[in-house]
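Take a look at the structure set out below.
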Amino acid sequence: MLQWIKSYLHNRRARVTVDGLKGKKVLLRHGVPQGGVLSPTLFQVFITDLVKTLPNGIHAALYADDLMMWCTEEHATTATCRMQLAIDNLVAWAEDWNVSINREKSSTTLFTLSPKQKAGTIKLDGTPLKTEEEVTYLGVNYDKK
């Protein structure tokens with residue numbers, strides 16, 4: 001099985017074609033073939049250890065290369081601290097495994113019915129994440145209220 005998977009991933013090359021002009025073939029050293037039958041399963045095996053690095057109280061949902069993390073806390077400040085730890089762990093994991101995080105698609109939302117609770121700033125590698133009133137994950141809209 002190992003030899004079979006290795007041959008699936010080893011010595012892959014790709015090139016870009018624009019208006020019928022073909023670019024130079026480039027050796028792919030990272031990732032799995034996009035659209036490959038085995039690719040989703042191999043990626044899930046690869047990313048599963050990320051969830052194990054998350055702090056207690058952090059929940060995660062993975063679908064393909066999308067990750068959603070959340071926690072439930074009585075106070076927004078506690079949730080912010082816990083989520084910041086999770087983000088820091090995510091950044092360390094991504095650096096260790098040479099995975100890039102799409103900062104444009106990353107955001108935070110505080111779900112609360114209390115007008116007194118205020119969202120804290122959560123940073124991704126030192127840059128504050130945008131705060132959204134509503135977020136969509138896998139086609140489901142989540143409103144902060």
Donor-acceptor contact below 3.5 Å, side chain [X] vs main chain [Y]:
X	Y	result
Ser39	Gly35	no
Tyr8	Gln3	no
Arg12	Gly31	yes
Asn102	Glu104	yes
Arg82	Asn56	yes

Quiz item: Do Leu67 and Leu50 have side-chain heavy atoms sitting under 4.5 Å apart?
Solution: yes
Quiz item: Does any non-hydrogen side-chain atom of Thr109 lie less than 4.5 Å from one of Thr131?
Solution: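 When only atoms from C-beta onward are counted, Thr109 and Thr131 do not touch, as no gap falls below 4.5 Å.
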Looking at [X] and [Y], what are the two nearest heavy atoms and their distance?
X	Y	value
Lys22	Thr17	CG-OG1, 3.7 Å
Leu28	Ala14	CD1-CB, 3.8 Å
Gly57	Cys71	O-CB, 3.3 Å
Ser107	Val135	OG-CG2, 4.3 Å

Practice problem: Would you please indicate if the ring centroids of Phe46 and Trp93 are separated by under 6.0 Å? | Solution: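 Close enough - the centres of the two rings lie under 6.0 Å apart.
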Quiz item: Strictly under 6.0 Å, is that where the ring centroids of Trp70 and Phe111 end up?
Solution: no
When clusters are formed by joining ILVMFWY residues with side-chain heavy atoms under 4.5 Å apart, either directly or through shared neighbours, do [X] and [Y] land in the same one?
X	Y	result
Ile122	Tyr137	no
Phe43	Trp97	yes
Leu138	Leu62	no

Quiz item: Does CD in Glu134 sit with more than 12 non-hydrogen atoms of other residues, nucleotides or ligands closer than 6.0 Å?
Solution: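 For Glu134, atom CD is crowded (more than 12 foreign heavy atoms under 6.0 Å).
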Quiz item: Should we say atom NZ of Lys130 is surrounded by more than 12 heavy atoms from elsewhere, each under 6.0 Å from it?
Solution: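 Atom NZ in Lys130 is crowded, with more than 12 foreign heavy atoms closer than 6.0 Å.
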To the nearest 0.5 Å, tell me how far [X] [atom1] sits from [Y] [atom2].
X	Y	atom1	atom2	value
Ile5	Leu42	CD1	CG	5.5 Å
Thr108	Met69	OG1	CE	11.0 Å
Thr80	Ile87	OG1	CD1	11.5 Å
Glu95	Leu90	CD	CG	10.0 Å
Ile47	Asp66	CD1	CG	9.5 Å
Leu27	His10	CG	NE2	8.0 Å

Exercise. Go through the steps for Met83 and Ile58 under the test side chain to side chain contact (heavy atoms under 4.5 Å, CB included), then give the verdict.
Key: CA-CA 7 Å; Met83 288 306 299; Ile58 296 293; 3.4 Å; yes
Practice problem: Starting from the C-alpha separation in whole Å, work towards a yes-or-no answer on salt bridge (charged side-chain N to carboxylate O under 4.0 Å, His left out) for Asp125 and Arg103. | Solution: CA-CA 10 Å; Asp125 213 13; Arg103 287 162 169 71; 3.3 Å; yes
Quiz prompt | Candidate pair Thr136 and Asn141, rule side-chain hydrogen bond (donor to acceptor under 3.5 Å, both in side chains), full reasoning | solution = CA-CA 4 Å; Thr136 302; Asn141 295 327; 2.4 Å; yes
Quiz prompt | Worked check of side chain to side chain contact (heavy atoms under 4.5 Å, CB included) between Leu38 and Trp4 | solution = CA-CA 11 Å; Leu38 289 178; Trp4 185 61; 3.6 Å; yes
